[in-house]
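These notes are about the structure you will find just below.
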Number of protein chains: 4
Amino acid sequence: MRTNRDNNGPPPAEDNKQRILQAALREFTERGLDGARVERIAESAGVNKALLYYYYSSKENLFSSVIDEHFRMILPLIRKTLEDTSDPETALRQVAAVYAELSQRHPEFIRLLVRELAQPDSPMVVRAAETMKESGVPGQLRRLLSEGQAKGTIREFDLRQAAVSFITMNLGYFIMAPIVDRVLQIDDRKQFISERIQANVDLFLRGITT
Amino acid sequence: MRTNRDNNGPPPAEDNKQRILQAALREFTERGLDGARVERIAESAGVNKALLYYYYSSKENLFSSVIDEHFRMILPLIRKTLEDTSDPETALRQVAAVYAELSQRHPEFIRLLVRELAQPDSPMVVRAAETMKESGVPGQLRRLLSEGQAKGTIREFDLRQAAVSFITMNLGYFIMAPIVDRVLQIDDRKQFISERIQANVDLFLRGITT
Amino acid sequence: MRTNRDNNGPPPAEDNKQRILQAALREFTERGLDGARVERIAESAGVNKALLYYYYSSKENLFSSVIDEHFRMILPLIRKTLEDTSDPETALRQVAAVYAELSQRHPEFIRLLVRELAQPDSPMVVRAAETMKESGVPGQLRRLLSEGQAKGTIREFDLRQAAVSFITMNLGYFIMAPIVDRVLQIDDRKQFISERIQANVDLFLRGITT
Amino acid sequence: MRTNRDNNGPPPAEDNKQRILQAALREFTERGLDGARVERIAESAGVNKALLYYYYSSKENLFSSVIDEHFRMILPLIRKTLEDTSDPETALRQVAAVYAELSQRHPEFIRLLVRELAQPDSPMVVRAAETMKESGVPGQLRRLLSEGQAKGTIREFDLRQAAVSFITMNLGYFIMAPIVDRVLQIDDRKQFISERIQANVDLFLRGITT
DNA sequence: AATGAATGAGAATTCATTCAT
DNA sequence: AATGAATGAATTCTCATTCAT
């Protein structure tokens with residue numbers, strides 16, 4: 001019988017509660033809420049099923065906890081965007097960079113979110129929208145573009161469309177990578193992503209300037 | 001005893017096999033493979049559970065059939081893209097229009113696909129990639145851009161990045177709409193989509209021309 | 001769609017009713033009443049499941065029909081035993097030969113019967129007992145042995161025990177062949193059986209004579 | 001709510017795992033693998049169906065476990081045969097006695113085995129053959145007879161045939177009892193069996209000695 | 001006589017959750 | 001805090017049987 005006390009591999013400071021959360025994250029990412037199995041999570045965390053209920057009371061609640069935990073981790077990343085910037089190019093680059101970082105440091109978050117996108121009113125989707133809104137990114141983006149238009153450096157167009165375009169061309173790749181990588185035979189995803197930021201900023205900037 | 005002959009609600013011409021497929025589509029779109037319930041599909045199709053197995057032998061196989069059916073329906077739409085076009089602007093507009101049409105005429109397809117995107121190696125994802133590749137759209141797009149670059153009408157840049165950008169800024173909205181709509185408070189989605197095509201084409205064209 | 005009219009392989013005179021019976025025999029022999037599948041029988045007979053019910057009204061009834069048919073075929077074989085014989089040796093050889101013939105010409109009957117033996121009150125078992133009794137074989141055997149004892153050519157012993165011994169040492173092999181063949185590595189079963197008759201008669205005769 | 005602690009009928013010391021095994025044995029003996037119902041086994045064991053799967057993972061595996069358990073119980077019985085014996089008569093009596101004891105102490109084993117005999121390659125049949133072979137009984141029997149032939153106390157004949165005859169005349173009754181009892185109107189089976197051992201040994205010994 | 005379609009009643013198995021210790 | 005055992009309520013799938021034509 002393997003308990004989680006006599007193991008030597010995993011970090012010793014991590015207690016069972018955390019290990020369950022990590023295992024749950026893996027399972028939910030891989031299979032979604034419905035496809036996930038409580039048994040598998042417990043086993044993968046090296047604990048008894050009942051302990052999972054002791055800490056998290058239900059599968060759904062565990063799922064929420066996983067999502068909560070993720071938003072907690074992601075928030076600082078999102079918040080630092082657009083700090084003290086009034087230059088559109090810098091701002092755009094920051095936004096693009098944050099999405100890229102998010103996708104690379106928290107790929108499971110993206111996968112969880114993608115699955116939830118299939119259910120438009122899923123709590124996670126609602127929350128993601130709120131988080132984005134609260135981050136101030138879209139607002140600030142529109143403000144900068146608006147100012148540019150006033151100054152005449154940026155041409156006239158629908159700001160919302162442009163904002164959507166910039167966000168989707170940046171986030172979109174991370175979501176559609178499984179398809180895009182196959183279609184365009186992108187093998188070195190790391191390299192591709194790093195080049196992507198500059199390419200998107202360039203394209204967008206040229207697209208909007210007068 | 002309720003048979004499907006004396007029903008009054010559902011279309012009478014459709015036979016049971018088709019009605020099961022339709023019901024399955026609804027259920028799978030709404031809840032995914034794991035969340036779907038065979039019982040619910042049968043009930044919603046107005047037939048006995050056993051009949052579902054008579055025709056489709058298993059839940060998984062029914063799921064595959066639903067996907068097959070969808071690709072069958074979508075293929076002609078995809079194929080007609082880029083027919084006989086050598087003008088980049090026309091080509092881009094066509095591509096944008098096709099994606100928009102796809103998303104509006106087959107929203108369930110998008111939802112099914114989105115969920116599968118969470119599992120990068122899912123058969124549906126692989127097939128979507130193949131279909132896209134076979135449609136010739138990405139290839140032709142790159143050819144046109146490449147020609148433009150040769151002629152000097154289009155500036156130098158990484159063609160793959162640009163292709164990805166154009167595809168994601170078009171398809172991306174349909175996938176991320178549940179978030180984007182909330183963030184930007186887009187209420188009239190229909191209107192927004194129709195304007196989107198032109199906005200994207202404009203942005204992209206300006207972004208790439210010298 | 002394969003019907004049984006356009007086939008060329010199977011005998012043309014055999015009608016569907018017979019073919020169902022044959023198929024059922026195979027299936028029941030192979031898997032027993034509970035393990036048998038109506039679907040499989042119909043398919044193997046090359047007819048529709050419903051036709052099977054048209055002719056035989058139920059699975060159980062089909063099973064009975066199979067058994068009936070077998071007893072019908074076996075009866076003449078059993079009946080001819082011990083015709084006009086007053087010599088013990090000849091009688092014993094006849095009995096042994098009949099069991100051997102039965103086992104070789106109707107191995108499915110043996111298999112069906114064996115399975116039923118696990119349920120002591122199964123109709124087939126009851127009927128097999130009745131058939132054996134009615135055949136007169138055990139009675140006549142006892143009579144001959146009894147006469148021998150009276151004449152002093154056969155020693156005194158329990159006639160029933162002897163009868164059981166003779167029957168089991170003959171029939172027993174056919175029933176236990178799957179085990180016996182493995183234990184004693186009997187490969188040429190045909191040859192073994194043919195020698196078995198004489199060996200049994202010899203052994204038994206020597207065992208009972210004074 | 002009925003738990004198995006407040007029961008009064010079944011033995012309290014036996015734990016659920018064992019009770020399931022016992023219930024399964026009854027059910028499988030009575031109805032065979034295909035005829036057995038998991039529900040019935042669980043009920044008869046006084047436990048929840050799910051617990052049965054908790055311990056035995058599948059119906060088939062439970063069946064195997066039942067058989068395993070039986071071979072475990074039977075092995076010591078088989079092994080003690082022919083210990084330190086060089087006298088044929090003693091040896092024969094021991095063999096006959098062991099089979100009789102087996103049949104009387106483990107009648108379910110016989111019934112299970114009989115049913116499996118209808119499928120010649122069934123695992124249980126294969127294993128029964130191996131167990132018999134490994135027990136050394138057939139080998140030792142042949143050795144003793146062979147020695148007797150060398151010494152001239154036993155006449156010349158096919159040793160394999162004789163071995164089969166002795167085994168089948170002993171085991172055969174236990175297998176065919178449902179028929180034999182009816183034909184010969186054997187009511188007091190216990191008495192009949194006890195006399196059977198001596199009768200068989202006598203018959204066989206006389207049959208083989210010069 | 002013959003069939004494809006349809007179904008009710010199970011049957012095995014699963015799974016989230018709870019209990020006793 | 002931690003666990004093995006236990007369970008109720010599904011859930012997928014099966015199967016003998018019937019229906020309509």
Side-chain angles (χ1 to χ4, degrees), chain A residues 1 3-5 15-17 20 33-42 46-62, chain B residues 1-5 15-17 20 34-42 46-62, chain C residues 1 3-5 15-17 20 33-42 46-62, chain D residues 1-5 15-17 20 34-42 46-62:
Chain A
M1 204 81 29
T3 81
N4 61 307
R5 292 295 172 217
D15 68 341
N16 282 333
K17 198 171 176 184
I20 292 171
L33 175 56
D34 290 315
R37 293 292 165 259
V38 171
E39 175 103 53
R40 215 151 32 200
I41 294 173
V47 304
N48 186 283
K49 246 193 303 183
L51 190 64
L52 188 153
Y53 281 89
Y54 178 76
Y55 283 124
Y56 295 99
S57 76
S58 82
K59 186 190 180 185
E60 286 231 1
N61 186 55
L62 176 56
Chain B
M1 196 123 352
R2 215 165 62 84
T3 81
N4 61 307
R5 293 297 170 215
D15 69 341
N16 283 332
K17 196 172 175 183
I20 292 170
D34 290 314
R37 290 293 164 260
V38 170
E39 174 114 51
R40 214 149 38 200
I41 294 172
V47 303
N48 186 286
K49 242 189 311 176
L51 191 63
L52 189 151
Y53 285 92
Y54 179 72
Y55 285 123
Y56 297 100
S57 73
S58 80
K59 187 188 180 185
E60 284 229 5
N61 187 56
L62 176 56
Chain C
M1 203 81 29
T3 80
N4 62 306
R5 291 297 172 215
D15 66 341
N16 281 333
K17 198 170 173 184
I20 292 171
L33 174 55
D34 290 314
R37 293 294 164 257
V38 171
E39 176 104 53
R40 214 149 35 198
I41 294 172
V47 303
N48 187 283
K49 247 193 303 183
L51 190 63
L52 187 152
Y53 281 88
Y54 178 75
Y55 283 125
Y56 295 98
S57 76
S58 82
K59 186 189 179 185
E60 287 232 1
N61 186 55
L62 176 56
Chain D
M1 197 117 356
R2 215 166 62 84
T3 80
N4 63 306
R5 293 294 170 219
D15 69 341
N16 282 332
K17 196 170 176 186
I20 292 170
D34 291 313
R37 291 294 164 258
V38 170
E39 174 116 51
R40 213 149 36 199
I41 294 172
V47 302
N48 188 287
K49 244 193 306 179
L51 190 64
L52 188 152
Y53 284 91
Y54 179 71
Y55 286 122
Y56 297 99
S57 75
S58 80
K59 187 188 179 186
E60 284 229 4
N61 186 56
L62 176 56

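Labels below follow one simple rule: chain letters A, B, ... track the order of the sequence lines, proteins then strands, and each chain is numbered from 1. Computed over heavy atoms, backbone and side chain alike; hydrogens, waters and symmetry mates excluded.
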>> Expressed as a whole number of angstroms, how long is the span from C:L52:CG to F:dT17:C1'?
In response: 11 Å
>> Measure CZ/A:R40 against P/E:dT14 and give the value in whole Å, please.
In response: 12 Å
> C:A42 and C:N48: which non-hydrogen atoms are nearest, and at how many Å?
Replying inline: CB-C, 4.0 Å
> Quick one: A:I41 CD1 to E:dC15 P, roughly how many Å, whole number?
Replying inline: 12 Å
>> Quick check on DNA chain E: between B:Y54 and C:Y55, whose nearest nucleotide comes earlier from the 5' end?
In response: C:Y55
> Which sits closer to the 5' end of DNA chain F, B:D34 or C:E60, going by the nucleotide each is nearest to?
Replying inline: B:D34
>> From the set E:dT14, E:dA11, E:dT7, return the single nucleotide nearest to any side-chain atom of D:R37.
In response: E:dA11
> Toward the 5' end of DNA chain E, which comes first, D:V38 or B:K17, by nearest nucleotide?
Replying inline: B:K17
> Rounding to a whole Å, what distance do you find between B:Y56:OH and E:dA5:P?
Replying inline: 12 Å
>> Can you see if the side chain of D:N48 gets near the phosphate of F:dG8 - specifically, an N or O under 4.0 Å from OP1 or OP2?
In response: yes
>> Can you tell me which nucleotide in E:dA6, F:dC19, E:dT17 comes closest to the side chain of C:A50?
In response: F:dC19
> What is the base-pairing partner of F:dA6, counting Watson-Crick and G-U wobble geometry with both distances under 3.5 Å?
Replying inline: E:dT17
> Which base sits across from F:dA1 as a Watson-Crick or G-U pair, both distances under 3.5 Å?
Replying inline: none
>> Quick check on F:dA2: is either OP1 or OP2 less than 4.0 Å from any side-chain nitrogen or oxygen of A:N16?
In response: yes
>> Keeping C:Y56 on the side-chain end and C:K17 on the backbone end, is there a donor-acceptor pair under 3.5 Å?
In response: yes
> If you pin C:E39 and B:A36 to their nearest nucleotides in DNA chain F, which one's is more 5'?
Replying inline: B:A36
> Where do D:I41 and D:L62 come nearest, in terms of heavy atoms and distance?
Replying inline: CD1-CD2, 4.1 Å
> Rounded to whole angstroms, how far apart are CG on D:L51 and P on E:dA12?
Replying inline: 16 Å
> So, for A:K49 and A:V38, which heavy atoms are closest and what is the spacing to 0.1 Å?
Replying inline: CG-CG1, 3.9 Å
> So which nucleotide from E:dG8, E:dA12, F:dA16 ends up closest to the side chain of C:K59?
Replying inline: F:dA16
>> With hydrogens left out and only the distance checked, is there a donor-acceptor pair under 3.5 Å joining B:K49's side chain and the base of E:dT7?
In response: no
>> Looking only at the side chain of D:Y53 (C-beta and beyond, no hydrogens), which of the listed nucleotides F:dC13, E:dA12, F:dT3 gets closest?
In response: E:dA12
> Just by modelled atom types, is the A:A36 backbone N or O under 3.5 Å from a matching donor or acceptor in the A:K59 side chain?
Replying inline: yes
